[in-house]
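Each remark here refers to the structure printed beneath this line.
We name chains A, B, ... by the order of the sequence lines, and we start the count at 1 in each one.
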Amino acid sequence: MRPLDGTRILDFTHVLAGPFATRVLGDLGADVVKVNSASRTNTNAPGSPYYVMWNRNKRALALDMSRDEARGVCRRLCAKADVVIDNFTVGVLDRWGVGYDSVREENPGVIYVQMSGMGSVGPWSNFVTYAPTIHALAGLTYLTSVPGREDIGIGFSYNDHQAGLHGAVAILAALEARRATGQGQRVDLSQFEVGVNAVGPALLDYFANGRAAEPGGNRLPWDEAAPHGCFPCGGATSEHPADERWVAIACMTDAHWEGLRKVMGDPEWSRDPSLATAAGRLARERDVEAGVGAWTSGLDSTEVMERCQAAGVPAGVVQTGVDLVEHDPQLARSRFLREIEDPHPTAGTTHADRLPIYFERTPCDRYERTREIGEDNAAVLAEWLGMPATEVRDGEDAGYLT
Amino acid sequence: MTHGALEGVRVVDLTDERAIYGAKLLADLGADVVRPEPPQGDPLRDRGPLMDGAPTETGSLWHAFFASSRRFFAVDPGTDAGAAQLRLLIDRADIVLANTGTFALEAAQLDDACARRPDLVVVEVSSFGPDGPWSDYLAPDLVAGALGGAVATTGDVDTPPLKAFGELNFMVSGAYAAIAALAGLNCVRRTGVGQRIHVPVHECIASALEHVFMWHWYQDHIGVARKPVLERRGSLHWTNAYQVMGAATGAVMVTPIPELDGQLVWLLEHGLGEELLDARLQLPEHRRELLDRLMDTLREWVASEDPEALFLEAQSRHLPYGHVKRLDEVADNPHLAARDWWESYPVDGERAVRGPGAPYQFSATPWSVRSPGDADRDTDEILDAIGWEDGR
């Protein structure tokens with residue numbers, strides 16, 4: 001048994017934010033039925049690496065929503081679902097005849113989640129967004145940078161993952177509320193508002209004190225911590241940035257600094273009494289960072305990490321994807337990364353990074369490959385609607401179940 | 001009166017920075033979240049930013065945000081009485097949300113609690129998992145992000161690898177902690193059986209890296225992947241189709257995806273991009289070249305444009321541009337104002353400060369930031385509720 005066994009989710013999501021929410025729920029055991037159609041292309045095409053990444057543990061149903069027959073099937077599925085979820089710009093599901101008001105008439109217990117970019121109302125509600133858009137508008141791009149630049153930002157689609165996780169939280173909370181009331185409800189998740197939430201303390205600082213945070217590289221915005229950054233190490237195999245080796249060191253306390261001094265062999269420059277406090281080290285941050293960097297630059301990053309941690313100093317290798325997949329002993333120990341046993345019909349061998357939640361009694365360690373368009377038409381339509389196999393085949397032949 | 005979605009759910013919050021955001025998510029959704037803290041106060045009450053003019057112990061804006069909607073319970077777990085109070089509190093809870101190594105965890109005796117209360121859900125969030133060579137490593141946000149893979153992907157060729165602003169890694173592990181708690185509660189509702197659940201921060205971060213694993217696993221399937229690691233390269237997205245570009249003032253995140261033809265038409269209206277209509281570039285096998293040349297043209301064009309006007313015009317054409325906003329501009333966002341989005345966060349016992357509103361709107365069970373408790377008053381209430389009479 002898994003925590004969400006028996007929970008039916010009709011999934012109209014695409015790209016990353018919505019599929020990540022339903023991936024988590026599928027990993028937890030929900031019966032996630034991904035609605036797709038043969039007309040999807042690029043990153044939404046089943047079999048593309050991006051699609052494969054976010055759509056495991058889901059069943060695939062093909063519906064050509066331009067066809068009335070498909071919309072009819074869709075309405076019947078909505079009547080059976082515990083959760084209906086999409087991350088289209090507002091209005092798409094309404095145009096398909098499965099907007100919230102029409103679905104809840106037949107299914108008052110439905111939890112209907114819309115994960116649009118900007119939320120369902122407001123002057124920007126029709127704006128089109130991807131995570132880089134949200135990062136820019138929410139202040140995350142500006143603030144994740146070094147002083148004087150505003151063109152860096154987070155190097156991956158952080159907010160898509162966070163929006164997905166918040167979507168999963170919202171669905172689980174709404175399921176709990178339904179147990180108490182018997183009623184479903186609509187959840188309007190704005191990916192933008194998830195992103196703005198991520199800079200919450202900085203916004204309180206702005207509203208309370210009029211201070212607008214500025215980018216500070218790896219320096220902490222409000223805490224006195226130094227050295228606190230990434231330092232170059234030896235061992236690069238080429239001058240390509242992807243091959244550089246770095247170690248992160250975070251002296252959060254004066255005791256950490258004392259520990260680091262010892263690990264470094266107590267060099268002359270570090271004995272300056274003015275460096276004994278964080279304030280003193282911050283006042284001479286460049287000197288301190290140069291000294292630490294000079295020490296790390298001749299060493300292997302793993303060695304620096306191990307020596308620092310042994311001395312009680314927070315430090316860690318700046319791990320790349322290769323490090324995570326091939327060298328990380330913690331991930332290897334938990335089999336966090338794994339091949340999926342059943343090869344994908346077109347993509348071949350596929351892989352999974354497991355749900356990072358370990359349940360003692362209801363383990364979630366089943367990882368099934370991403371399905372092809374319509375691969376589960378017969379099973380889903382039989383189980384959810386009692387539709388005979390002949391009717392499914394007729395729908396496929398007629399083209400609306402494709 | 002309407003209630004939050006988690007009205008009636010009782011949570012004991014023994015978290016630190018690594019999962020406090022998860023407790024916030026549950027609290028703002030209506031759960032009764034009690035946060036035990038030492039009599040001298042929670043060390044997280046010292047976290048900046050602080051409210052100017054307020055005493056440090058009551059003026060932490062960090063604490064106001066992350067410990068919102070909570071009740072606070074002053075307890076000394078080093079005394080027999082305090083340890084007994086803590087156990088009584090846990091005996092009334094549905095969920096215990098804890099970080100390994102945090103205040104009161106030892107006194108909480110969670111093994112015994114689970115034996116007494118088979119329907120209890122206990123979520124323990126650790127940095128690296130309960131065992132393994134790194135299980136005792138210290139990992140504040142920067143180190144956690146470095147080992148988790150987030151830092152290597154951020155920064156530019158002429159900067160070090162960068163952490164994201166704030167504590168975004170711990171907001172990911174916090175969100176997973178909330179999911180774990182609610183999934184565990186779902187099991188209790190169905191079967192009556194609780195359980196212990198473990199959440200390693202390290203794996204949470206690694207699970208939320210977008211392209212990083214894909215780049216390694218499916219390098220041969222990705223046309224632009226020449227090595228199993230994509231180097232840090234500023235804002236240029238792995239697809240090469242999204243990038244922050246300097247404008248006349250400020251910067252704009254620009255992308256021609258998903259309306260590539262629409263973007264071309266827009267450029268042509270400005271007398272640019274004629275060469276991109278070359279029939280050869282329209283062939284699928286030359287799509288990559290078309291995209292790269294289109295991005296070059298956009299960089300030149302955007303450099304002389306007003307960023308806000310460009311952003312709004314792009315959005316009217318269904319192109320997902322985003323104006324790179326400073327924090328004061330985020331605070332002044334017209335869309336958020338029109339949605340009446342901001343919430344009031346009580347700080348310092350008397351004053352309130354504007355802050356982020358709901359990340360999700362529930363139609364029947366509204367999200368809300370509730371007034372945080374007062375440690376003295378809450379403690380008395382909680383002691384009454386757990387039936388503690390001794391010595392009062």
Can you name the one residue among A:Asp353, A:Leu324, A:Val325 that meets side chain to side chain contact (heavy atoms under 4.5 Å, CB included) with A:Leu331?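 The side chain to side chain contact (heavy atoms under 4.5 Å, CB included) with A:Leu331 is passed solely by A:Leu324 among A:Asp353, A:Leu324, A:Val325.
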Between B:His221 and B:Trp215, does the ring pair (Phe, Tyr, Trp, His ring centres under 6.0 Å) criterion hold? Intermediate values first, please. CA-CA 9 Å; B:His221 299 264; B:Trp215 212 259; over 10 Å; no
[X], part contacting chain A, at a heavy-atom distance under 4.5 Å:
X	answer
B:Leu25	side chain
B:Ala358	backbone
B:Val201	neither
B:Trp341	side chain
B:Tyr321	backbone
B:Ile179	both
B:Leu50	backbone
B:Val252	neither
B:Tyr242	side chain
B:Asp340	neither
B:Leu236	neither
B:Thr191	side chain
B:Trp367	neither
B:Arg196	both

Could you look at [X] and say if it's the side chain, the backbone, both or neither that has a heavy atom under 4.5 Å from chain B?
X	result
A:Asn197	both
A:Ala315	backbone
A:Phe127	both
A:Phe231	neither
A:Ala138	backbone
A:Leu140	side chain
A:Arg361	both
A:Val247	neither
A:Arg333	side chain
A:Tyr112	neither
A:Ser145	backbone
A:Leu28	side chain
A:Asp5	both
A:Ile249	backbone

Test of understanding: with side-chain contact (heavy atoms from CB on, under 4.5 Å), list the residues that count as partners of B:Ala146, not counting sequence neighbours.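 Per chain and number, B:Ala146 pairs via side-chain contact (heavy atoms from CB on, under 4.5 Å) with A:Ala248, A:Val318, B:Val151.
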Would you please say whether a donor-acceptor pair under 3.5 Å links the side chains of [X] and [Y]?
X	Y	result
A:His228	A:Asp223	no
B:Glu210	B:His237	yes
A:Glu326	B:His216	yes

May I ask you to check whether [Y] and [X] place their ring centres under 6.0 Å from each other?
X	Y	result
A:Trp222	B:Phe165	yes
B:Phe311	A:Trp124	yes
B:Tyr21	A:His166	yes

Among [options], which residue has the highest count of heavy-atom pairs closer than 4.5 Å to chain A?
options	result
B:Val157, B:Asp136, B:Val244	B:Val244
B:Val143, B:Leu312, B:Val212	B:Val143
B:Ala54, B:Ala175, B:Ala178, B:Pro133	B:Pro133
B:Asp328, B:Val324, B:Leu182	B:Val324
B:Lys325, B:Met51, B:Gln195	B:Gln195
B:Glu259, B:Arg190, B:His211, B:Gln243	B:Arg190

Report the C-alpha separation of A:Thr129 and A:Met118 in whole Å, then their side-chain angles, then the decisive distance to 0.1 Å, and conclude whether the side-chain contact (heavy atoms from CB on, under 4.5 Å) test is met. CA-CA 8 Å; A:Thr129 69; A:Met118 289 288 167; 3.9 Å; yes
Verify ring pair (Phe, Tyr, Trp, His ring centres under 6.0 Å) between A:His351 and B:Tyr218, making sure each step is shown before the conclusion. CA-CA 9 Å; A:His351 305 259; B:Tyr218 307 113; 5.8 Å; yes
Go through the structure and list residues passing ring pair (Phe, Tyr, Trp, His ring centres under 6.0 Å) with A:His256, not counting sequence neighbours.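 Ring pair (Phe, Tyr, Trp, His ring centres under 6.0 Å) list for A:His256, sorted by chain: empty.
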Pair B:Trp238-A:Phe156, ring pair (Phe, Tyr, Trp, His ring centres under 6.0 Å): steps then yes or no: CA-CA 8 Å; B:Trp238 66 265; A:Phe156 58 101; over 10 Å; no
Please tell me if the side chains of [X] and [Y] come closer than 4.5 Å, counting only heavy atoms from C-beta onward.
X	Y	value
B:His198	A:Phe359	no
A:Glu193	B:Gln361	yes
A:Phe192	A:Asn159	no

Against A:Tyr142, only a single residue in A:Glu214, A:His135, A:Arg149, A:Glu150 fulfils side-chain hydrogen bond (donor to acceptor under 3.5 Å, both in side chains); can you say which?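 Per the side-chain hydrogen bond (donor to acceptor under 3.5 Å, both in side chains) rule, the option paired with A:Tyr142 is A:Glu214, out of A:Glu214, A:His135, A:Arg149, A:Glu150.
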Between B:Arg339 and A:Val121, is a side-chain contact (heavy atoms from CB on, under 4.5 Å) present by the stated rule, with each step listed? CA-CA 7 Å; B:Arg339 282 167 64 83; A:Val121 297; 3.6 Å; yes
Short N-O contact, B:Asp141 and B:Lys163, less than 4.0 angstrom: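 Result for this pair is yes, salt bridge flagged.
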Keeping the roles fixed (side chain from B:Tyr345, backbone from B:Pro356), state whether a donor-acceptor pair exists under 3.5 Å.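 Side chain of B:Tyr345 to backbone of B:Pro356: a pair is present.
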Options A:Arg354, A:Glu339, A:Arg178, A:Arg211, ranked by heavy-atom pairs under 4.5 Å with chain B, top entry: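 Of the candidates given, the most pairs with chain B belong to A:Arg211.
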